[in-house]
J.: 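Before we start, here is the structure in question, set down as structure tokens.
The shown structure was predicted, so the numbers you read here are calculated from the model rather than taken from an experiment. We name chains A, B, ... by the order of the sequence lines, and we start the count at 1 in each one.
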Amino acid sequence: MHKTPLLDQLESGPWPSFIKDLKRVAARKKPAADLLGLLERSYKDKITHWKHGGIVGVLGYGSGIIGRYTDLPEEFPGVEHFHTVRVNQPSGWFYTTKALRELCDIWDEHGSSILNVHGSTGDMIFLGTTTPELEPCFAKLTAKGWDLGGSGSAMRSPSCCVGMARCEWSCYDTMDLCYEATQNFQFEMHRPSFPYKFKIKCSGCPNDCVAAVARADMSVIGVWKDDIRIDQAAVKAYAGGELKPRGGATPYAKLDVQADVVALCPTACMAFDGKTLKIDNKNCNHCMHCISLMPQALRPGTETGATLLLGSHAPILEGAQMSWVIVPFMEMETPYEPFMDLVANITEWWSENGKNRERVGELMLRLGMRAFFKGVGLEPPPQTVKTPRANPFFFWHEEDFEAEAAGRKYIK
Amino acid sequence: MSERITDIGPPKYDKFLPPVIKDNYGKWKYHEILEPGVLMHVSESGAKIFSVRGGSGRLVSTDFIKEVCDIADKFCDGYLRFTSRNNVEFLLTDQGKIADVKDACKKMGIPIGATGHSVSNIVHTQGWVHCHTPAIDASGIVKAVMDDLFEYFGSHKLPAQVRIALACCLNMCGAVHCSDIAILGIHRTAPKVDHERLRHLCEIPTTIASCPTGAIRPHPDKAIKSVVINEPRCMYCGNCYTMCPALPVFDSQKGGVALLVGGKVSNAKSPPIFSKLAVPYLPNNPPRWPETVQAIRKILTKYAEGANKYERVGEWVERIGWEKFFEVCDIPFTFQHIDDYRWAYDTYRTSMHFKF
Ligand code: HEM
Ligand code: HEM
Ligand code: HEM
Ligand code: HEM
Ligand code: SF4
Ligand code: SF4
Ligand code: SF4
Ligand code: SF4
């Protein structure tokens with residue numbers, strides 16, 4: 001084992017120490033010991049000691065494995081090759097101990113015994129193995145029913161919130177959509193053929209617990225169209241202090257229904273006379289605030305589905321974007337044909353028009369929303385914009401005049 | 001050899017669901033948080049499931065996972081899950097076993113919390129443990145910050161939930177840009193060209209093409225067979241280094257940490273918000289990054305003192321105004337705070353609505 005005086009200082013303190021944890025592995029595995037040695041060196045030099053690798057992978061797949069090599073192979077031979085294996089997670093990150101132990105056994109045998117549970121895309125990330133171990137590791141994984149996730153310019157592993165499995169607010173079956181989309185796009189996941197990455201994330205309601213709006217090209221967020229369900233007796237119980245705000249999640253002993261709920265409703269569509277809570281549902285923008293504060297009194301309605309938002313990506317190059325609304329409401333029922341078809345249309349339009357390493361959100365901005373909507377076969381809903389344009393630079397096409405002459409609103 | 005299996009996707013989720021979830025799938029009626037880190041969900045049928053949520057380092061060993069499995073085997077019939085913020089959840093039907101799970105977690109060093117108005121686990125990236133472009137480590141800073149904010153993990157003391165994320169370079173693998181507090185590793189100097197190595201290691205056209213800002217040109221002296229970098233155009237993204245190892249972007253002295261604040265993803269009250277630059281630079285100071293830890297604590301405590309009930313960090317800052325935020329948090333305002341990238345104009349103030 002290498003001496004690690006700097007890393008040792010991360011062993012103390014109440015938060016779980018990854019150094020303590022990795023040292024256990026280092027005691028039995030050379031690569032883990034060398035990983036700690038190398039990390040200590042980075043802590044001393046204040047720079048990374050990894051370089052980008054050549055292409056490695058398993059037969060027939062263009063993704064799922066990321067090559068990784070150290071720039072100090074003589075000193076730390078155990079991490080000379082230290083590749084990543086992305087193992088596609090099950091929907092909602094539910095496991096049985098039997099399944100987890102099988103995964104651990106595979107990784108103990110074929111890799112470093114070090115992993116991320118989970119990576120930010122959602123996959124379980126096995127960190128550190130050599131090229132000859134890749135095929136045997138993959139064979140063992142598939143024999144137990146597991147597969148690799150996406151990487152590179154491919155469909156990435158879709159991910160989702162816990163949804164209907166354990167959340168009363170889920171407006172569609174996030175775990176099932178995530179599973180079916182993953183199955184449907186296996187080819188696109190494992191054989192990178194897009195201009196760049198494409199991510200799908202599914203949240204069951206506007207609380208967006210998987211941050212879909214910020215980190216998925218296709219953000220699927222559950223929503224209801226009808227009325228919030230109200231249990232007036234429970235409202236009274238909140239007002240009277242028998243029920244605690246947010247199910248007990250706050251420092252506050254009692255909910256002030258007028259000040260905390262009604263006055264903070266962003267659309268001012270609620271009223272409370274001390275006895276009865278009224279909601280003007282036509283004006284509610286389903287922000288979830290009131291429901292989050294009174295989970296026993298309020299629930300989303302029953303006419304449910306999802307909003308599709310498209311386009312988010314990290315800052316490179318034009319600056320980060322959040323996804324924006326392209327389909328305000330879609331019913332989400334198995335086998336999700338309209339959804340799968342639309343995703344296929346979108347990736348096809350993007351693959352045809354996109355430049356190398358251009359995310360779909362950047363392409364939409366470059367070619368314009370008109371080209372996008374027409375390209376994928378959608379009509380433009382007013383929910384797409386926060387406000388219409390403020391400049392006078394709008395243009396007209398021959399087809400607009402034709403539609404106008406035919407008495408139609410849009411070009412069809 | 002048996003036939004090679006491919007493209008099967010992950011196992012179907014229902015194999016891993018405990019019976020109480022299978023029976024009550026889509027029928028949950030409401031939930032309560034019995035204490036920090038312990039949730040109870042109640043079904044229309046009256047059935048209940050209890051979840052005990054604990055923190056993990058995310059970068060873990062198989063030993064750790066197996067110990068977690070031991071707890072789930074002993075008390076949860078072998079069922080558990082992980083959350084989107086890398087917390088582990090033990091799933092129980094017997095309320096009487098909550099205390100046992102908490103004890104077992106305590107023995108293992110797993111803290112219980114991350115519900116409601118807490119600081120949950122920090123979503124983060126690879127850092128010096130496994131990536132080639134980081135300016136900072138990830139796991140080490142997370143450990144140092146969580147040690148310091150530990151009291152907020154297992155309690156509901158804050159005006160609203162506070163979600164922290166870290167990305168070790170501006171590729172931001174970690175989803176930081178919409179966090180209440182985001183820790184970002186930054187390079188501050190353009191790559192240094194090692195002409196001698198570049199000639200042997202790199203293909204010049206692909207190296208030039210890798211730069212998203214077009215900052216790389218062929219070396220004017222053709223005999224040198226290398227490239228030059230137009231430094232004012234470089235935004236230190238490290239893409240060129242990915243293509244060409246003779247262009248290291250890191251600088252052991254100048255790299256460091258930036259803090260962005262006020263982002264959120266939920267739609268509650270206000271729409272999702274991007275995090276905005278609060279502190280442009282703090283020194284890269286392993287192993288415990290004390291300047292970063294202190295700056296975060298200061299922002300968090302000023303928020304806790306100043307925010308209204310249920311107000312997220314970003315809602316608080318927007319209500320008081322950024323000029324007041326800088327004042328109360330004692331952060332000097334610099335040229336770096338003023339956007340001058342594309343789309344900068346919408347961040348300039350065009351009204352009289354400001355404070356002195
Ligand atoms: C130019 C852009 C990017 C480059 C060059 C890049 C490069 C990398 C590299 C080299 C790794 C491997 C780290 C390792 O050794 O394990 C990685 C991991 C990863 N990246 Fe990126 N990345 C980029 C952008 C992004 C973006 C925008 C996202 C998401 C928004 C992202 C998400 C991820 C995820 C989820 C991982 C797995 C590691 C983890 O979960 O922490 N990357 N990236
Ligand atoms: C009392 C109300 C809430 C309940 C019962 C609730 C429930 C949940 C559940 C079940 C998860 C785990 C989901 C998963 O891993 O896929 C979760 C995670 C999360 N929720 Fe919520 N949610 C509530 C309110 C909110 C709100 C209002 C926000 C945002 C403003 C939010 C943001 C998050 C985030 C960021 C996570 C990831 C946390 C973690 O994994 O530790 N939640 N929430
Ligand atoms: C179709 C679009 C527009 C039309 C037809 C229009 C027309 C006009 C007219 C006729 C004037 C009065 C000029 C004068 O006699 O003093 C004016 C002034 C002005 N308009 Fe517009 N306008 C348009 C859009 C806009 C937009 C989008 C903005 C800003 C966002 C704008 C900002 C102004 C301002 C600031 C003035 C006062 C200019 C000055 O006094 O120098 N206008 N506009
Ligand atoms: C400290 C700063 C930041 C950190 C640590 C950070 C972290 C992250 C992480 C971890 C992801 C990846 C999600 C995934 O795995 O799928 C992500 C995605 C994203 N971030 Fe950030 N972020 C930061 C700042 C920003 C800023 C300032 C913006 C925009 C103004 C932004 C916009 C985005 C967008 C649009 C995505 C979606 C990414 C994609 O899939 O390409 N981020 N960010
Ligand atoms: S996004 Fe909504 S439905 Fe999904 S877990 Fe979070 S609160 Fe529940
Ligand atoms: S969900 Fe939001 S907008 Fe709708 S009534 Fe409740 S607080 Fe108002
Ligand atoms: S954020 Fe940057 S340095 Fe960190 S893992 Fe991602 S690409 Fe690597
Ligand atoms: S670091 Fe990024 S912006 Fe700078 S030269 Fe390299 S590729 Fe171009």
J.: Check side-chain hydrogen bond (donor to acceptor under 3.5 Å, both in side chains) between A:Thr182 and all other residues, then give those that pass, not counting sequence neighbours.
T.: none
J.: Determine whether B:Leu59 and A:Leu127 satisfy the following criterion, side chain to side chain contact (heavy atoms under 4.5 Å, CB included), listing intermediate values before the conclusion.
T.: CA-CA 9 Å; B:Leu59 173 63; A:Leu127 279 179; 3.6 Å; yes
J.: Heavy-atom pairs under 4.5 Å with chain B - which of A:Pro266, A:Ser203, A:Gly247, A:Ala212 has more of them than the others?
T.: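 Sorted descending by pairs with chain B, the first entry is A:Gly247.
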J.: Verify, without hydrogens or angle tests, whether B:Asn86 (side chain) and A:His118 (backbone) share a donor-acceptor contact under 3.5 angstrom.
T.: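 Present.
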J.: Go through the side-chain N and O atoms of B:Asp14 and A:Tyr179 and say whether any donor and acceptor fall under 3.5 Å apart.
T.: no
J.: Looking at side-chain heavy atoms only, is the closest gap between A:Asn116 and B:Arg58 below 4.5 Å?
T.: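 Answer yes - side chains close enough.
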J.: Can you classify the ring geometry of A:Trp146 versus B:Phe16 as parallel (below 30°), tilted (30 to 60°) or perpendicular (above 60°)?
T.: parallel
J.: Got A:Val210 and B:Ser84 here, is their nearest side-chain heavy-atom distance under 4.5 Å?
T.: yes
J.: Any side-chain heavy-atom pair from B:Ser252 and A:Asp45 closer than 4.5 angstrom?
T.: no
J.: Report which part of B:Ile71 has an atom under 4.5 Å of a heavy atom belonging to chain A: side chain, backbone, both, or neither.
T.: neither
J.: For B:Pro159, which atoms come within 4.5 Å of any heavy atom of chain A: side chain, backbone, both, or neither?
T.: both
J.: Does any backbone or side-chain atom of A:Glu135 lie under 4.5 Å from a heavy atom of chain B? Answer side chain, backbone, both or neither.
T.: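 For A:Glu135, the side chain is the part near chain B, not the backbone.
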J.: Got a second to check how far A:Lys46's NZ is from B:Phe250's CZ, nearest 0.5 Å?
T.: 15.5 Å
J.: Counting only non-hydrogen atoms closer than 4.5 Å, does B:Glu44 touch chain A with its backbone (N, CA, C, O), its side chain (CB onward), both, or neither?
T.: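 Contact with chain A is through the side chain of B:Glu44 alone.
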J.: What are the two closest heavy atoms between A:Gln183 and B:Ile8, and how far apart are they?
T.: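 A:Gln183 and B:Ile8 have their closest heavy atoms at NE2-O, 2.9 Å.
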J.: What part of B:Leu158 lies closer than 4.5 angstrom to a heavy atom of chain A: side chain, backbone, both or neither?
T.: backbone
J.: Between A:Arg166 and B:Glu89, does any NZ, NE, NH1 or NH2 come within less than 4.0 Å of an OD or OE carboxylate oxygen?
T.: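 Between A:Arg166 and B:Glu89 there is a salt bridge, with a charged N closer than 4.0 Å to a carboxylate O.
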J.: Out of A:Asp71, A:Leu264, A:Asp105, which one racks up the most heavy-atom pairs below 4.5 Å with chain B?
T.: A:Leu264
J.: Would you indicate whether the side-chain heavy atoms of B:Lys66 and A:Leu100 approach each other to under 4.5 Å?
T.: no
J.: Picking from A:Asp260, A:Val25, A:Leu141, which has the most non-hydrogen pairs under 4.5 angstrom with chain B?
T.: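 The residue among A:Asp260, A:Val25, A:Leu141 with the greatest pair count is A:Asp260.
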J.: For A:Leu293, is it the side chain, the backbone, both or neither that has a heavy atom under 4.5 Å from a heavy atom of chain B?
T.: side chain
J.: Would you mind checking which part of B:Phe150 comes under 4.5 Å of any heavy atom in chain A, side chain (CB onward), backbone (N, CA, C, O), both or neither?
T.: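 Only the side chain of B:Phe150 comes within 4.5 Å of chain A.
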J.: How long is the straight-line distance from OH of B:Tyr79 back to OG1 of A:Thr96, given to the nearest 0.5 Å?
T.: 7.0 Å
J.: Does any donor atom in the side chain of A:Thr97 or B:Asp73 lie under 3.5 Å from an acceptor atom in the other side chain?
T.: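 A pair is found: one side chain offers a donor N or O, the other an acceptor, under 3.5 Å apart.
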J.: Just checking, any donor-acceptor pair under 3.5 angstrom between side chains of B:His177 and A:Arg215?
T.: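 Note: B:His177 and A:Arg215 side chains miss the donor-acceptor criterion.
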J.: Looking at B:Gly57, B:Gly140, B:Ala72, which has the largest count of heavy-atom pairs under 4.5 Å with chain A?
T.: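 Most heavy-atom pairs under 4.5 Å with chain A: B:Gly140.
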J.: Please classify the contact between B:Ile49 and chain A as side chain, backbone, both or neither, with a heavy-atom cut-off of under 4.5 Å.
T.: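 Contact with chain A: side chain only.
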J.: Sequence neighbours left out, what passes side-chain contact (heavy atoms from CB on, under 4.5 Å) with B:Thr62? Give chain and number order.
T.: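 Checked B:Thr62 against side-chain contact (heavy atoms from CB on, under 4.5 Å); matches are A:Arg28, A:Cys104, A:Trp107, A:Asp108, A:Ser113, A:Leu115.
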J.: Indicate yes or no for a side-chain donor-acceptor contact from A:Asn207 to the backbone of B:Ser266 under 3.5 Å, with no hydrogens or angles considered.
T.: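 No.
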J.: Between the side chains of A:Arg246 and B:Gln161, is a donor N or O closer than 3.5 angstrom to an acceptor N or O?
T.: yes
J.: Got a second to check how far A:Thr48's OG1 is from B:His130's NE2, nearest 0.5 Å?
T.: 10.0 Å
J.: Is there a donor-acceptor contact under 3.5 Å from the side chain of A:Glu168 to the main chain of B:Lys27?
T.: no
J.: Against chain B, label A:Ala165 side chain, backbone, both or neither, depending on which of its atoms sit under 4.5 Å from a heavy atom there.
T.: both
J.: So which part of B:Glu151 gets closer than 4.5 Å to some heavy atom of chain A, the side chain, the backbone, both or neither?
T.: neither
J.: Is B:Asp70 in contact with chain A via its backbone, its side chain, both, or neither, using a 4.5 Å heavy-atom distance?
T.: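 Both the backbone and the side chain of B:Asp70 come within 4.5 Å of chain A.
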J.: Roughly how far, to the nearest 0.5 Å, is the CD1 atom of A:Ile66 from the NE2 atom of B:His132?
T.: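 Those atoms lie 10.0 Å apart.
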J.: Under a 4.5 Å heavy-atom cut-off, does chain B meet the side chain of A:Val79, its backbone, both or neither?
T.: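 No part of it gets close to chain B.
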J.: So which of B:Lys15, B:Arg288, B:Glu35 has the largest heavy-atom pair count under 4.5 angstrom toward chain A?
T.: B:Arg288
J.: Does a donor on one side chain sit under 3.5 Å from an acceptor on the other, for A:Asp21 and B:Ser61?
T.: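 There is such a pair (donor and acceptor under 3.5 Å, judged by atom type) between the side chains of A:Asp21 and B:Ser61.
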J.: Consider only side-chain N and O atoms of B:Thr6 and A:His190, and report whether a donor and an acceptor are under 3.5 Å apart.
T.: no
J.: Please classify the contact of B:Lys22 with chain A as side chain, backbone, both or neither, using a heavy-atom distance under 4.5 Å.
T.: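 Interface part for B:Lys22: neither.
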J.: I'd like to verify something: which residue of B:Gly26, B:Ser118, B:Pro248, B:Pro245 has the highest number of heavy-atom pairs under 4.5 Å with chain A?
T.: B:Gly26
J.: Between A:Leu39, A:Leu103, A:Asp147, who has the most heavy-atom pairs with chain B when the cutoff is under 4.5 Å?
T.: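 Most heavy-atom pairs within the cutoff with chain B belong to A:Asp147.
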J.: Would you please indicate yes or no on a ring centroid separation below 6.0 angstrom for B:Trp128 and A:His49?
T.: no
J.: May I ask you to decide if A:Leu59's main-chain N or O and B:Arg4's side chain share a donor-acceptor pair within less than 3.5 Å?
T.: yes
J.: Select one option (side chain, backbone, both, neither) describing which atoms of A:Ser12 are under 4.5 Å from chain B's heavy atoms.
T.: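 Both backbone and side chain.
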J.: May I ask you to name which of B:Pro111, B:Ser270, B:Gly263 has the most heavy-atom pairs under 4.5 Å with chain A?
T.: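 Going by pairs under 4.5 Å, I would pick B:Pro111.
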J.: Check whether A:Ser17 gets within reach of chain B through its side chain, its backbone, both or neither, counting any heavy atom under 4.5 Å.
T.: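 When you check distances to chain B, atoms from both the backbone and side chain of A:Ser17 fall under 4.5 Å.
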J.: Looking at A:Tyr252, does the NZ or CZ of B:Lys309 lie under 6.0 angstrom from its six-membered ring centre and within 45 degrees of the ring axis?
T.: yes
J.: Checking heavy atoms, do the side chain of A:Tyr61, its backbone, both or neither come under 4.5 Å from chain B?
T.: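 The answer is the side chain of A:Tyr61.
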J.: Measuring only between side-chain heavy atoms, which start at C-beta, is A:Tyr95 closer than 4.5 Å to B:Arg81?
T.: no
J.: Strictly below 4.0 Å, N to O, side chains only: are B:Lys29 and A:Asp231 in salt-bridge contact?
T.: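 Not counted as a salt bridge, because no side-chain N and carboxylate O are separated by less than 4.0 Å.
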J.: Looking at B:Gly109, B:Ser139, B:Ala209, which has the largest count of heavy-atom pairs under 4.5 Å with chain A?
T.: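 Most pairs with chain A among the choices: B:Ser139.
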J.: Using a 4.5 angstrom heavy-atom cutoff, name the option from B:Val129, B:Asn284, B:Asn308 with the most pairs to chain A.
T.: B:Val129
J.: Pick whichever of A:Leu6, A:Leu148, A:Leu243, A:Val117 has the most heavy-atom pairs under 4.5 Å with chain B.
T.: A:Val117
J.: Between A:Met175, A:Lys20, A:Met189, A:Met288, who has the most heavy-atom pairs with chain B when the cutoff is under 4.5 Å?
T.: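 Highest number of heavy-atom pairs under 4.5 Å: A:Met175.
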J.: Check whether any side-chain heavy atom of A:Trp15 lies under 4.5 Å from a side-chain heavy atom of B:Val145, and answer yes or no.
T.: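 No. Closest side-chain heavy atoms not under 4.5 Å.
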J.: Taking B:Lys143 first and then A:Glu11, would you say they form a salt bridge - that is, a charged N and a carboxylate O separated by under 4.0 Å?
T.: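 Salt bridge flag = no for A:Glu11 with B:Lys143.
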